[in-house]
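Along the sequence shown, residues are numbered consecutively beginning with 1.
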Amino acid sequence: MTGSGLLDGKVALVTGAGRGVGRDIALQMAEQGAKVLVNDLGGSETGEGADDSPAMSVVKQIEAMGGQAAANINSVASFKAAQEMVDQAYEELGGLDVVVNNAGILRDVIFHKMTEDDWDIVIAVHLKGSFNIARAAAAVFRGQENGSMVHMTSTSGLIGNFGQANYAAAKLGIVGLSKSIALDMSRFNVRSNCISPFAWSRLIGTIPTETPEQQARVEKIKQMTPAKIAPVAVALASDEAKQVTGQIFAVRNNEVYLMSQARPVRSVHRSEGWTAETVLNHAFPAMKAHFYALDRSADVFSWDPV
């Protein structure tokens, strides 16, 4: 460790940091001088089981490079466990300055076959988990009047995808959560931003490859390694980004996008007010040219990653 990193003196809590995107974020934050609490339940892609080896492996890697880290193998879906993570960061690493809400699972299934359990567990890990960790950290950040939160969203929520109603709802909910945190906590110099990562990981590895088109899509995704996401997360965690809050970034191989947020596109007016009939005969036809198609992420990001 050089002692001249962007995150020198900071402590970061990274969830889902045992593998994939979270692992590379934890490692690059450590390379930039942060002490890292590596959280990972070590469960399967669908949320079953537990294993402490992924988190411990990342801790050992950080220590081998001369950094300081600690492991946590609790579930972000537990409000109590989230508070314990924040407490552990203080007790073992000396504080908390950065939170990265990265932990996630998938239960992909077409909507009319989705079970209550498929819905509940994905919402619990992604959306409630992000709330749990952010809420536990918020009290600390408010007290020290400084802090950065980075939350992982997805174009499945921002744009759309097949068979991911649970995941898409959770990921779009995280966008609303992040913006609300940014608004509520700005008076305390606390920042909150989202990253929508394009990267090959064990979760993305569940994408079907039954057709030549699906196989070609997966091969393109494999070019986008998790390490490409980490620099944006590190930058958002640094004091140099103190004016950046309430934003949504997408990272796709060597491309970084600032994503749009919902704003009015077209309006119509009738001074006498509307009836269902005039909405059908006037409003919808006037707006039709501006309707959004049933796009999926792959339709919008149709070019090869560069």
Side-chain angles (χ1 to χ4, degrees), residues 15-16 20-22 43-48 75-77 100-134 149-182 192-210 213-214 217-218 220-221 224 226 229 232 246-252 257-263 265 291-302 305:
T15 70
V21 171
S44 69
E45 294 91 338
T46 55
E48 288 94 3
S75 172
V76 298
V100 180
N101 277 317
N102 171 76
I105 62 169
L106 286 178
R107 290 282 187 94
D108 289 0
V109 61
I110 196 165
F111 185 70
H112 67 275
K113 294 183 178 180
M114 185 170 289
T115 67
E116 182 180 18
D117 186 57
D118 291 333
W119 176 269
D120 286 348
I121 192 169
V122 169
I123 296 295
V125 174
H126 286 277
L127 183 53
K128 186 173 186 291
S130 294
F131 163 77
N132 289 342
I133 298 295
M149 300 188 192
V150 180
H151 318 274
M152 293 297 157
T153 184
S154 170
T155 54
S156 291
L158 297 170
I159 298 171
N161 213 348
F162 291 137
Q164 291 192 315
N166 47 6
Y167 181 74
K171 288 304 193 182
L172 195 55
I174 287 170
V175 170
L177 173 67
S178 177
K179 183 63 176 290
S180 294
I181 293 170
S192 179
N193 294 282
C194 285
I195 296 176
S196 178
F198 291 76
W200 179 257
S201 71
R202 67 193 186 111
L203 294 189
I204 302 300
T206 64
I207 292 176
T209 54
E210 298 170 0
E213 292 78 12
Q214 290 173 337
R217 181 189 176 207
V218 166
K220 292 176 184 178
I221 296 174
M224 299 179 280
I229 313 302
V232 178
Q247 305 306 310
I248 308 165
F249 300 94
V251 184
R252 187 175 185 261
Y257 306 92
L258 177 65
M259 299 296 287
S260 63
Q261 299 185 35
R263 299 291 185 272
V265 173
F291 283 1
Y292 289 93
L294 288 177
D295 294 323
R296 297 171 300 140
S297 178
D299 299 321
V300 173
F301 290 91
S302 58

Is the closest side-chain heavy-atom distance between V232 and I195 below 4.5 Å? yes
Open item on the list: I'd like to check N161 versus T155 (side-chain heavy atoms, cut-off strictly below 4.5 Å). Are they in contact?
Closed with: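 No, side chains not in contact.
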**Request:** Answer yes or no: is there a donor N or O on one side and an acceptor on the other, between the side chain of S180 and the main chain of G176, under 3.5 Å?
**Result:** yes
Q) If only atom types and distance count, is the side chain of K128 paired as donor or acceptor with the main-chain N or O of A77 below 3.5 Å? A) yes
Can you name the residues that form a side chain to side chain contact (heavy atoms under 4.5 Å, CB included) with [X], not counting sequence neighbours?
{"X": "I110", "value": "H112, K113"}
{"X": "A182", "value": "S192, T245"}
{"X": "T115", "value": "D117, D118"}
{"X": "T153", "value": "L158, K171, V175, C194, S196, I248"}

If only side-chain N and O atoms count, and only distance matters, is there a donor-acceptor pair under 3.5 Å linking D108 with Q164?
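Judged by distance alone, the side chains do pair up.
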> Which is it for H126 and I174 under the side-chain contact (heavy atoms from CB on, under 4.5 Å) test, yes or no, and what are the steps along the way?
Replying inline: CA-CA 8 Å; H126 286 277; I174 287 170; 4.3 Å; yes
(request) Please assess V125 against I105 for the test side-chain contact (heavy atoms from CB on, under 4.5 Å), listing each intermediate value before the final yes or no. (result) CA-CA 7 Å; V125 174; I105 62 169; 4.0 Å; yes
Applying side chain to side chain donor-acceptor pair (under 3.5 Å) to N102 and not counting sequence neighbours gives none
| Which residues satisfy the ring-ring contact (aromatic ring centres under 6.0 Å, His included) test with F301, sequence neighbours excluded? |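 Only F198, Y257, W303 meet the ring-ring contact (aromatic ring centres under 6.0 Å, His included) criterion with F301.
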- request: Can you sort out the partners of F162 under ring-ring contact (aromatic ring centres under 6.0 Å, His included), two or more places apart, ordered by chain and number?
  value: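 Partners of F162 by the ring-ring contact (aromatic ring centres under 6.0 Å, His included) criterion come out as none, since no residue qualifies.
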Salt bridge (charged side-chain N to carboxylate O under 4.0 Å, His left out) filter on D120, not counting sequence neighbours, yields none
- [ ] Evaluate whether atom CZ of F291 has more than 12 neighbouring non-hydrogen atoms of other residues, nucleotides or ligands under 6.0 angstrom away.
- [x] yes
